[in-house]
Amino acid sequence: MGGRYGAFTFCDRITEYVPARRARATFAVPPTLSQFSPCLVAEATGQLAAWVSMAHIGFRGRPVAALARDVRMLGDVHPGDTLTLEVDVEECDDDAVFYQGRARVGDREAVQLIDCLGPMLPQDDYDSADDLAHQFALLCGEGAAPLRFGGVGVHAMDVVSSTDDARSARLHVPVDAPYFVDHFPRRPVFPATLLLDHAMRVAADLVGTTDARPRRVSRVHNVKMRDFIRPGEDVELQVSRVEPGDDDTRVKLMAKIGERTVATAQFVFVRAAVEVA
Amino acid sequence: MEFTKQEIDAIFPKVAEVIADALGCDVEDVKLNSSLIEDLDAESIDFLDLVFRLERAFKVKIPRGKIVEDARGDLAEADFEQKGVVTEKGLQRLREFLSEVPAERIKTPLKAADIPRLFTPETFCKVVLRAQKSAPVA
């Protein structure tokens, strides 16, 4: 379990690849996990775009998550499912990658990524270009050994303040965690998708305590990662309602480290479907 | 003047919409001469985003990260900046290129890294107009 290209890499095999344009890949979610968050599905899709864009520029640079206009969470992905990931890269060069993506299980759509932008950073600062090129060749060929992802563990989080309309929680990013082996070997960075995953829980808690019917996140939009989060940092996740609504509930996120805003986004909650026996 | 007021005014409403969408602010808050960073809280990543959005909105190809390079024009880099600070020649060049920015904002000492702080919505109107004139995309 875990290890390099297992701890936080979500692509088993690239099954279709049009250089600089398009790719399709598969990822088997290990059945031993207790859950697989939609944020990790988004991560998997974004990583496929990263492979395409890095390969296009000879692995000189690597993109990092920065902007996503819309992440649509359409359905749950369960341990044991096999994801099909697809990305359409609209532009990529040494500066940035701009792409659309989606993930599905069979014919069922799970996540859509709309208008995502990742600026390229110098590869040598974060990872080994040669090593990545070798792994990419493996993914495009026979594929990597599946079922290596062992989860991300539990992160300590304390509620700082709570009202009917706002909540604040402090997330303690661990100094060391298995996923830093992959994200990234030479300069560990707390993944943006894990930040969103935790913020989503705080937001769900806020919405859940005041709404009679259960709601689920249907969209995360205007995601903007403004700065890196390093191992060992404490991030304050401030969520607040932005407007009341019958059909959806919107919650704004501002993630801060001290006075520094590191991320902003907005979650849209819709009423969960009522299951009929 | 590189572009007429009419040319700028003609595309400003659409540019303002794109900026408001990218920065998550009200379109009414986007004034032609607002500082994107100081008045509208834009950050460097927003400029990259803006360029992508403007390309799509206007169906043009905009070279990324080239505003500062274009501003320097034919000045040698050493003539434009020294030790990260824009030279007097460089300031003069900036006053011409960023004619929409009040001249008193372009003053020494100006770090080259702070040039984006000068950018306004009109700067991006001009970026679009330049792209439209150089290589329109069908």
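FYI, side chains are in, hydrogens and waters are out, and symmetry mates aren't considered; it's all heavy atoms of this structure. So that the names make sense, note that chain A is the first sequence line, chain B the second, and so on, each numbered from 1.
Here the side chains of A:Phe98 and B:Glu55 are not in contact, with every heavy-atom distance at 4.5 Å or above.
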Show me the donor-acceptor pairs within less than 3.5 Å that the side chains of residues 77-85 of chain B make with the rest of the protein, sequence neighbours left out.
| from | atom 1 | to | atom 2 | distance (Å) |
| --- | --- | --- | --- | --- |
| B:Gln82 | NE2 | B:Ala78 | O | 3.3 |

Check: residues 182-204 of chain A side-chain donor-acceptor pairs under 3.5 Å, at least two apart:
| from | atom 1 | to | atom 2 | distance (Å) |
| --- | --- | --- | --- | --- |
| A:Asp182 | OD1 | A:Arg4 | NH1 | 2.9 |
| A:Asp182 | OD1 | A:Tyr5 | N | 2.7 |
| A:Asp182 | OD2 | A:Tyr5 | N | 3.3 |
| A:Asp182 | OD2 | A:Gly6 | N | 3.3 |
| A:Asp182 | OD2 | A:Ala7 | N | 3.3 |
| A:Asp182 | OD2 | A:Phe8 | N | 2.8 |
| A:Asp182 | OD2 | A:Thr9 | N | 3.3 |
| A:Asp182 | OD2 | A:Thr9 | OG1 | 2.8 |
| A:His183 | ND1 | A:Val189 | O | 2.8 |
| A:Arg186 | NH1 | A:Asp124 | O | 3.0 |
| A:Arg186 | NH1 | A:Asp127 | O | 3.0 |
| A:Arg187 | NH1 | A:Tyr126 | OH | 3.4 |
| A:Thr193 | OG1 | A:Glu43 | OE1 | 2.4 |
| A:Asp197 | OD1 | A:Ser37 | OG | 2.9 |
| A:Asp197 | OD2 | A:Arg201 | NH2 | 2.8 |
| A:His198 | ND1 | A:Leu194 | O | 2.8 |
| A:His198 | NE2 | A:His155 | ND1 | 3.4 |

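Taking A:Asp115, A:Leu117, A:Asp93 one by one and counting their heavy-atom pairs under 4.5 Å with chain B, the maximum is reached by A:Leu117.
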Take B:Lys61 and A:Glu91 through the salt bridge (Lys or Arg N to Asp or Glu O under 4.0 Å) test and state the conclusion after the steps.
CA-CA 11 Å; B:Lys61 182 76 189 151; A:Glu91 287 196 50; 2.6 Å; yes
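Neither the backbone nor the side chain of A:Gln266 comes within contact range of chain B, judged by heavy atoms closer than 4.5 Å.
The number of heavy atoms from other shown groups lying within 6.0 Å of CD (A:Glu259) does not exceed 12. The neighbour count for A:Lys252 NZ, taken as heavy atoms of other residues, nucleotides or ligands under 6.0 Å away, does not exceed 12.
By the 4.0 Å N-to-carboxylate-O rule, B:Asp49 lies too far from A:Lys224 to be salt-bridged with it. Using a cut-off of 4.0 Å between Lys/Arg side-chain N and Asp/Glu carboxylate O, B:Asp21 and A:Arg69 are scored as not salt-bridged.
Listed by chain and residue number, A:Asp94 satisfy the side chain to side chain donor-acceptor pair (under 3.5 Å) test with A:Arg60 (two or more places apart in sequence, or in another chain).
Scanning residues 37-45 of chain B against chain A with a 4.5 Å non-hydrogen threshold yields B:Asp41, B:Glu43, B:Ile45, sorted by number.
Going from atom CG of B:Leu48 over to atom CE of A:Met120 covers 10.5 Å, rounded to the nearest 0.5 Å.
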